[in-house]
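Single-structure report; data block below.
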Amino acid sequence: MNIEEFFQLSAGKWFSHRTSQHLAFNQSENSKSDIIIETLVVDDPEVIKLCQQYKINLSSASCAIKITWNGTMEKDQAKHSGSTVLVSVPDADNPAQGKLLREIVDADKTPVAGRYKIDSDGALTLITEDETMSSEERLWFASPNLRMRVNVLKSFGGLSITSFTSEIRMGGFPPAAKASEAANSVSN
C-alpha cells in the first residue's frame, strides 16, 4: 500500500472512539467523534495554500485529504469540532516515506512538516516534532471498515499522553475497484 491508497481507503464517514491515558496524572479519558475524511485533488485551493505556507512546490505533492471532526470528551462533555488538511510530499528516492504537511490554525506558529512512512504491513506512521512536543502515531486497517490508531504525545515539559483509537466506517466507502485493491493490500 502507498500513501495515495491509504488516503483513498480512509475516505468516508467514521465513528471514532478514543481512550487517552495522561501518564503524569495517572488519569484516563474517553472521547467520541464523528469524522469525515475527503480526498482532495492536488490543485484544490486549500492544497495550494498549504503548499505555499510550507514553501513546497505543488508538483511535489502526491495527494491530500481534508479531515473534519465533531465530538465530545467524556470528562467535560464539551463539544470539540474542527477540520484540517493534510498533504503528502513523498521523498524523491523513496515514495514510501516523505513529508506530511498539516494546516496550521495558530497564525503565530511556524509551519512544521511532519514525516510519514508506510510500513511493509500497510500501516502509516506519522511523526511530528516542534519546539514544544513530539508525536508519533501509527494508523492501520484491521479491515476496510475498521481503522485503528495509537499515539504517543510527549511535551518537552514532561507531560506524556498515550491513546488508542478505533474508527468504524459509517459510510462513504471509496470507489469499489480501489477499495477492493486496498482491502487486498490490508489483508496481505
Side-chain angles (χ1 to χ4, degrees), residues 1-23 25-40 44 46-47 50 63-88 100-106 114-119 121-130 133-155 159-175 178-180 182-183 185-187:
M1 183 179 304
N2 61 33
I3 189 72
E4 292 87 357
E5 293 167 332
F6 195 94
F7 279 6
Q8 288 170 351
L9 190 57
S10 296
K13 182 177 180 183
W14 298 84
F15 170 75
S16 173
H17 182 257
R18 176 186 304 232
T19 301
S20 299
Q21 181 70 34
H22 300 264
L23 300 175
F25 304 113
N26 197 24
Q27 295 177 339
S28 63
E29 180 175 54
N30 292 308
S31 62
K32 297 177 182 176
S33 301
D34 290 323
I35 299 172
I36 296 173
I37 301 175
E38 307 167 73
T39 57
L40 300 175
D44 182 282
E46 290 183 279
V47 175
L50 194 55
C63 58
I65 57 174
K66 181 173 187 172
I67 304 169
T68 305
W69 63 90
N70 186 9
T72 56
M73 302 289 278
E74 178 185 63
K75 189 183 298 184
D76 59 12
Q77 290 300 305
K79 297 283 184 189
H80 298 274
S81 60
S83 68
T84 192
V85 173
L86 302 176
V87 177
S88 70
L100 191 68
L101 314 181
R102 182 179 182 143
E103 190 174 33
I104 301 297
V105 180
D106 185 347
R115 298 281 307 160
Y116 77 85
K117 177 176 68 166
I118 298 285
D119 296 326
D121 62 358
L124 173 63
T125 301
L126 306 174
I127 299 170
T128 307
E129 294 182 334
D130 67 18
M133 65 87 192
S134 72
S135 172
E136 183 168 337
E137 185 169 26
R138 183 172 165 83
L139 300 90
W140 71 97
F141 288 90
S143 71
N145 293 320
L146 177 61
R147 193 168 87 156
M148 312 290 221
R149 294 190 284 155
V150 293
N151 186 319
V152 176
L153 177 69
K154 296 178 185 176
S155 78
L159 179 66
S160 293
I161 301 171
T162 61
S163 64
F164 172 78
T165 307
S166 60
E167 298 170 333
I168 300 168
R169 186 186 306 275
M170 303 303 289
F173 200 74
K178 293 185 181 195
S180 64
S185 297
V186 168
S187 62

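What you see is a predicted model; the values in this text were computed from it and never measured.
- Cys63 places a side-chain heavy atom less than 4.5 Å from the side chain of Ile3.
- Of all the heavy atoms in Ala64 and Val47, the pair that sits closest is CB-CG2, 3.5 Å.
- Rounding to the nearest 0.5 Å places OG1 of Thr68 at 6.0 Å from CD1 of Ile36.
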Legend entry - Verdict with reasoning, His80 to Asn70, per side-chain contact (heavy atoms from CB on, under 4.5 Å): CA-CA 6 Å; His80 298 274; Asn70 186 9; over 6 Å; no
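- Here Trp14 contributes atom CH2 and Leu146 contributes atom CG; the two are 7.5 Å apart, rounded to the nearest 0.5 Å.
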Inset, instruction - Take Ser83 and Lys66 through the test side-chain contact (heavy atoms from CB on, under 4.5 Å) and record every step on the way to the result. - result: CA-CA 7 Å; Ser83 68; Lys66 181 173 187 172; 3.9 Å; yes
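- Atom OG1 of Thr72 sits about 10.0 Å away from atom CG of Asn30, to the nearest 0.5 Å.
- A donor and an acceptor atom, one from each side chain of Arg147 and Ser10, are located under 3.5 Å apart.
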Legend entry - Stepwise side-chain contact (heavy atoms from CB on, under 4.5 Å) test for Leu124 and Phe141: CA-CA 10 Å; Leu124 173 63; Phe141 288 90; over 6 Å; no
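- A heavy-atom distance below 4.5 Å is found between the side chains of Ser135 and Met133.
- In terms of heavy atoms, Glu129 sits closest to Ser134 at CG-CB, 3.5 Å.
- For the atom pair CD of Glu4 and OG1 of Thr39, the computed distance is 11.5 Å after rounding to the nearest 0.5 Å.
- Across all non-hydrogen atoms, the minimal contact from Glu137 to Leu139 is CG-CD1, 3.9 Å.
- Closest of all the heavy-atom pairs between Glu103 and Glu46 is OE2-OE2, 4.4 Å.
- A salt bridge (Lys or Arg N to Asp or Glu O under 4.0 Å) with Glu167 is found for one member of Lys13, Arg18, Arg149 and no other, namely Arg149.
- In this structure, the side chains of Thr162 and Val150 stay at 4.5 Å or more apart for every pair of heavy atoms.
- No side-chain heavy atom of Ile37 sits under 4.5 Å from any side-chain heavy atom of Phe7.
- When all heavy atoms of Val152 and Lys154 are compared, the pair lying nearest together is CG1-CE, 3.9 Å.
- Within the 4.5 Å cutoff, the side chain of Asn151 has no heavy atoms near those of the Thr165 side chain.
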Inset, instruction - Any chance you could lay out the side-chain contact (heavy atoms from CB on, under 4.5 Å) test for Met148 and Phe164, step after step, and finish with the verdict? - result: CA-CA 8 Å; Met148 312 290 221; Phe164 172 78; 3.9 Å; yes
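- Between atom NZ of residue Lys32 and atom CE of residue Met73 there is a gap of 13.0 Å, rounded to the nearest 0.5 Å.
- Considering CZ of Arg115 and CG of Leu126, their distance stands at 11.5 Å, rounded to 0.5 Å.
- Take Tyr116 and apply the ring pair (Phe, Tyr, Trp, His ring centres under 6.0 Å) test, not counting sequence neighbours, and it matches no residue.
- By the 4.0 Å N-to-carboxylate-O rule, Asp119 lies close enough to Arg138 to be salt-bridged with it.
- Side-chain contact between Arg169 and Leu9: present, with at least one pair of heavy atoms (C-beta onward) separated by less than 4.5 Å.
- No more than 12 heavy atoms of other residues, nucleotides or ligands lie within 6.0 Å of CE in Met170, so this atom counts as exposed by the packing criterion.
- Considering every non-hydrogen atom in both Leu101 and Leu50, the closest pair reads O-CD2, 3.9 Å.
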